Amino acid sequence: MSAQDPQIIYDFKSIEEKWQNSWLSNATYKISPDSDKEKYYVLEMFPYPSGRIHMGHVRNYSIGDVVARYKRFRGFNVLHPMGWDSFGLPAENAAIKNDTHPARWTYDNIDYMRNQLRKLGLSYDWDREIATCNPKYYKWEQQIFLEMYEKDLVYQKTTTVNWCETCHTVLANEQVIEGTCWRCDELVEARKMNGWFFKITEYAEELLTDLDKLSGWPEKVVTMQRNWIGKSTGLQCDFEVVGLDEKLSIFTTRPDTIFGVTFMSIAPEHPLLESLLENNPQELKIRDFITKIITEKQQQSNQDVVEKEGIATGCFCINPYNGDEIPIYVANFVLMGYGTGAVMAVPAHDQRDFEFARKYNLSIKPVVIPEDTPLNGKTMVEASTAPGVLADSGDFTGIDSKSAKQAIIDFAKSNNFGDSHITYRLRDWGISRQRYWGAPIPMVQCEKCGVQAVPVDQLPVTLPEDRGSQQNDCAPLHQRTSFIETSCPKCGGKARRETDTMDTFVESSWYFARYTSPRFTEAPLNKKEASHWLPVDQYIGGVEHAILHLLYSRFFTKVLRDLGYLDIDEPFTNLLTQGMVIKDGSKMSKSKGNVVDPSDLIGEYGADTTRLFSLFAAPPEKDLEWNPKGVEGCHRFLNRIFRFVQTHLNTISGDHEEFPATLNPSERELHRKTHQTIKRVTGNIEHNFHFNTAISAVMELFNTLSGLTGGKKKDEIAAPFLSEAVDAILILLCPMVPHFCSELWTTVYGETKSIETIPWPTWDEEAAKEDELTIVIQVRGKVRSRLQVPADIDDATIETLALKDENALKFIGDAAIKKVIVVKKKLVNIVI
RNA sequence: GCCCGAAUGGCGGAACUGGUAGACGCAAGGGACUUAAAAUCCCUCGGCCUCUGGCUGUGCGAGUUCGAUUCUCGCUUCGGGCACCA
């Protein structure tokens, strides 16, 4: 029979409402600017205001809120802001569907979702809230754009871009996921279009080398970024074209194989083709072929591996190393966007070239011979990519392939036909989007003066507020004459505004910096505030942004630094990528019908239970399997604590006598467990945010507490020990279930003493120490017995005791003891 | 194809730096209370066996070690990223 009264009800609804109102009206989490406490900036990736929050948000923001609240307990001045990534296509689609305006839809959603977040009890400084679709925000983005333009970090070009027909807009390379659109999964097609680009490649090397500074990031994310940037070093050199005053430039990472070149492959879009086709008897045939493969490329998504195909141009070029005349082919697998768009083909040592050579009967000439493996071009079945010794390579014959690379590059350099070269896979970031609901690009096209920047004092260039001429759509800017028609800032003549809007990833690339001075009216950032708060100490969000958003934010940080706004190189010191929320084996989604609505859950169990379960069910970086029964378990746990405190209120809240000098066994056990728990929870949070084990530890403490005070209790426990344990439980859980702990704290100590002003508890190593240890006795590595011994026992005594142990002796039998291994305070292994 | 990561009871997950595998929670079974149910509380809970004891067990197969969930090598499966990158 329990000492607790099951009739006591934990009324989470009124408790949560009470505390949320109190936090709101007292502005509890507003930053005090002149604090002399050390700063801590914790940030969760801000949401797109899609309409309602989902479980992924709950998890993300619960994790962030625990960090924020924990750091406040530890005495930091914590910046913990929230805002809205509020430009984007869904707003336009919804506006069409619901016959409203994207702005209306977006702001309504923001109001709704803000309210939902408040019901979770998240400790944000709401005074810093920003919405990126607000002209007060994108004005500064336009200014940054112009300053980048000044610095030659923005340019316009016509190129083949990724086009998503469903979204009716261009996508950046990073937004193409396995050949499909990141947002709608539509297959992406290739299109030639004019657009604006950010020169992210200018920062490729720094983005790569600074990855080494990100020791607080998951290794996985760093690797993904490294691969995405894709640095290759090698040789760039020129092959003269026979009969033409032209050179064909190639890039290779295998200069050691250059004597094995037997043909040349160039991309169908290669600019040299025009001269090659002039007076070419095969011109029509070749043009047909080129058209064919270019259309094929457009139709196929770029993930399909297509059979290698090519056509001879009938033209030749000269290998500068040995004077060989080699045929030039147009090949479908050569990319214009990488290297120089021309590849020296070495079929003996490159699998693609090998397949191509076999198909078109071109010669295969091995020049790098691996140890003990002679190669024969006629009989090889695949390319050999192993290192080896150079053969058939002029003066370089006999050199090992590794040192030959440099020697061959040096030769090109000294003979002025080539040099070492670095190529990146990273492409410039195309930011033009053919959509209405985005930040306008602040440029105009003057009939006389050409492209002109909008002067900074004319910013912001705002979106027209009406929905345009179209009946059922939100017309893109190019259909709105009132927006387009303007005057040239230089000559005052007729000019047209740029009608593309910026990629919404531009907004999210610097919002974390704007939070440091969200209402600043003189510049994008207040340098003083930015340098005080940045970098973000802890950033938390989904791993799906490992490349996209995180790479762009790193790029923007470096740009803003070079524009003089920031004095940091990297925006996020520590990154936590949380796993997905899964139900019935797959990600929650409307189409699968396995969505759990957080609001329903909060209504049924309360915000604290919802938060507690999302933290308890898995460590943050792992996927979280949603289990409704598990939620009930967490709710039960809170209920038990609630009832315990109410039942023992008189003892706990009374005026405490001092801790007695001698402790009875129960007091000792509880006191010890309390200090052990403080130590464990603090360690779990500090070390890797493993809240799941932190919560288990508190559960253990509570189990001990209720066991020692329940029906079978042995000793009376003095009030100070009960009080110490309850205090610890409440403070340790407070970052996770803040309403609950705040309420019980005032129940015990009265309304005047807020739990948030209490320092995080410390543990006493002495108190946490066990009096007795269990020593495991193994015979030949197998556990045979256990000994209870006093904690201060020495190794020799343990050994003696172990060798006398009855169970152990049974297994030793007559055998001779070869060795006895004693592990301090843990185990004895008797080897026979 | 290449590069990462993971694999532990019926389930989610614990286990510090090589030292008691399965903490904590869920589910399940049994019991107490109740006229009954819910709630609450107590007990059992990896598998197998000849069951106060023993054998076995952390995806599979080897290895290192007195001792391996943990380290090494080779596989299998699942997840993620990149994908004709010259």
Side-chain angles (χ1 to χ4, degrees), chain A residues 1-7 9 177-179 218-228 230-232 234 250-254 257 265 302-308 331-335 337-346 350-353 355-356 423-425 543-544 546-547 582 613 616-619 622-634 636-637 639-640 643 680 683 687 690 692-700 702-703 706 710-712 774-783 785-786 807 810 818-832:
Chain A
M1 184 59 177
S2 165
Q4 295 184 30
D5 181 355
Q7 299 312 309
I9 291 165
I177 312 293
E178 289 184 358
E219 193 66 36
K220 183 173 132 184
V221 175
V222 172
T223 308
M224 279 166 67
Q225 293 218 353
R226 183 168 286 125
N227 293 341
W228 185 264
K231 181 181 183 176
S232 306
I250 60 100
F251 171 75
T252 179
T253 55
R254 292 293 306 272
T257 64
S265 331
N302 36 11
Q303 65 167 348
D304 297 335
V305 177
V306 184
E307 160 136 20
K308 297 190 178 26
N332 64 343
F333 62 89
V334 180
L335 309 170
Y338 184 80
T340 62
V343 182
M344 64 172 214
V346 187
D350 181 286
Q351 187 57 27
R352 287 155 303 168
D353 297 344
E355 286 167 31
F356 195 87
T423 300
Y424 298 93
R425 211 190 72 105
V543 73
E544 65 272 19
I547 295 173
I582 303 284
F613 178 74
F616 176 63
K622 282 187 74 164
D623 284 350
L624 183 153
E625 172 75 36
W626 196 263
N627 175 1
K629 292 288 186 181
V631 179
E632 283 179 33
C634 285
R636 262 200 296 269
F637 172 59
N639 259 303
R640 290 171 68 208
R643 283 199 309 269
R680 268 175 70 189
H687 183 232
H690 277 194
N692 56 331
T693 50
I695 294 165
S696 323
V698 179
M699 285 172 169
E700 281 186 51
F702 182 74
N703 289 346
S706 65
K712 286 183 184 170
T774 307
I775 301 290
V776 170
I777 302 178
Q778 298 183 332
V779 178
R780 287 209 344 217
K782 286 190 178 172
V783 180
S785 183
R786 291 181 170 87
N807 285 324
K810 239 178 12 193
K818 284 189 196 150
K819 207 196 286 189
V820 179
I821 286 152
V822 181
V823 178
K824 217 172 187 42
K825 296 184 175 183
K826 281 218 170 108
L827 114 179
V828 179
N829 189 6
I830 301 163
V831 187
I832 52 169

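Residue numbering restarts at 1 for every chain, and letters A, B, ... go by the order of the sequence lines. Owing to the predicted nature of the structure, the values given are computational and were not obtained by experimental measurement.
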Quick check: do Lys818(A) and Ile832(A) have side-chain heavy atoms less than 4.5 Å from each other? no
State, yes or no, whether a side-chain contact exists between Ile695(A) and Thr693(A) at a heavy-atom distance under 4.5 Å. no
What contact category does Asp623(A) fall into here, base, sugar-phosphate, or nothing, at under 4.0 angstrom with non-hydrogen atoms? sugar-phosphate
Given the P atoms of C48(B) and G57(B), what is the spacing between them in whole Å? 15 Å
With respect to the side chain of Thr253(A), which nucleotide from A86(B), A83(B), G13(B) is positioned closest? A86(B)
Taking the side chain as everything from C-beta on, heavy atoms only, tell me whether Val783(A) gets closer than 4.5 Å to Ile777(A). no
Taking the C1' atom in each of A86(B) and A6(B), what is the distance between them to the nearest angstrom? 33 Å
By the definition side-chain contact (heavy atoms from CB on, under 4.5 Å), identify the one residue from Asp353(A), Asp350(A), Val346(A) that meets it with Thr257(A). Val346(A)
Mind calculating the distance between CG (Asp350(A)) and P (C84(B)) to the nearest angstrom? 13 Å
In whole angstroms, the gap separating P of G25(B) from CG of Asn703(A) amounts to 5 Å
Roughly how many Å apart are U76(B) and C60(B), using the C1' atom of each and rounding to a whole number? 7 Å
G79(B) P sits how many Å from Glu544(A) CD, rounded? 18 Å
Say you pick atom P in U72(B) and the same atom in C82(B); how far apart are they, in whole Å? 28 Å
Would you give the length of the straight line joining atom CZ of Phe251(A) to atom CE of Met344(A), rounded to the nearest 0.5 angstrom? 10.5 Å
Is a donor-acceptor contact shorter than 3.5 angstrom present between the side chain of Lys308(A) and the base of C84(B)? yes
Please name all residues satisfying ring pair (Phe, Tyr, Trp, His ring centres under 6.0 Å) with Trp626(A), sequence neighbours left out, ordered by chain then number. Phe613(A)
For the residue pair Arg640(A) and Asn703(A), establish whether any side-chain heavy-atom pair is separated by less than 4.5 Å. yes
Write down the distance between OH (Tyr338(A)) and P (C84(B)), rounded to a whole number of angstrom. 12 Å
Give Val334(A) one of three labels, base, sugar-phosphate or nothing, depending on what nucleic acid heavy atoms sit under 4.0 Å from its own. base
Rounded distance in Å between the P positions of G46(B) and C24(B): 13 Å
Phosphate oxygens OP1/OP2 of C85(B): is one of them under 4.0 Å from a side-chain N or O of Arg352(A)? yes
Do Val820(A) and Val828(A) make a side-chain contact, defined as non-hydrogen atoms from C-beta onward lying under 4.5 Å apart? yes
Here the distance between atom C1' of G67(B) and atom NZ of Lys824(A), to the nearest Å, is 19 Å
Nearest-angstrom distance, C1' atom, G22(B) to G10(B): 14 Å
Please determine if a side-chain N or O atom of Lys819(A) lies less than 4.0 Å away from the OP1 or OP2 oxygen of C66(B). yes
Measure from NZ or CZ of Lys308(A) to the centre of the six-membered ring of Phe333(A) and say whether it is under 6.0 Å with the direction within 45° of the ring axis. yes
Lys220(A) NZ to A6(B) C1', straight-line distance once rounded to whole Å: 10 Å
Regarding G80(B), purine or pyrimidine glycosidic angle vs 90° from 0 gives anti
Between U58(B) and U20(B), how far apart are the C1' atoms? Round to whole Å, please. 15 Å
Mind checking the CG-CD1 spacing from Asn627(A) to Ile582(A)? Nearest 0.5 Å is all I need. 13.5 Å
Can you give the dot-bracket line for RNA chain B, where a pair is Watson-Crick or G-U wobble with both atom distances under 3.5 Å, crossing pairs use [ ], and | marks a partner on another strand? (((((((..(((......[....))).(((((.......))))).((((...))))..(((((..]....))))))))))))....
I'd like the C1' distance from G81(B) over to A28(B), given in whole Å. 40 Å
Roughly how far apart are Arg680(A) CZ and Ser696(A) OG, rounded to 0.5 Å? 7.0 Å
With B for base contact, S for sugar-phosphate-only contact and - for none (protein heavy atoms under 4.0 Å), nucleotides 15-23 of chain B reads -B--BBS-B
State, with a plain yes or no, whether a side-chain heavy atom of Tyr338(A) is found less than 4.5 Å away from one of Val343(A). no
Can you tell me if the side-chain N/O atoms of Lys782(A) get under 4.0 Å from OP1 or OP2 in U56(B)? yes
Measure CZ/Arg640(A) against C1'/C42(B) and give the value in whole Å, please. 12 Å
Of the candidate nucleotides A86(B), A14(B), G12(B), which contains the atom at the shortest distance from the side chain of Val343(A)? A86(B)
Classify the nucleic acid contact of Gly230(A) as base, sugar-phosphate or nothing, counting any heavy atom under 4.0 Å across all strands shown. nothing
5'-most by nearest nucleotide on RNA chain B - Lys629(A) or Thr340(A): Lys629(A)
Hey, which of these two, Arg254(A) or Lys810(A), hits RNA chain B nearer its 5' end, going by closest nucleotide? Lys810(A)
Report yes if a side-chain nitrogen or oxygen of Thr423(A) is closer than 4.0 Å to either non-bridging phosphate oxygen (OP1 or OP2) of C85(B); otherwise report no. no
I want to check one thing: is the phosphate of A27(B), taken as OP1 and OP2, less than 4.0 Å away from some side-chain N or O of Arg636(A)? yes
Here the distance between atom C1' of C26(B) and atom CH2 of Trp626(A), to the nearest Å, is 14 Å
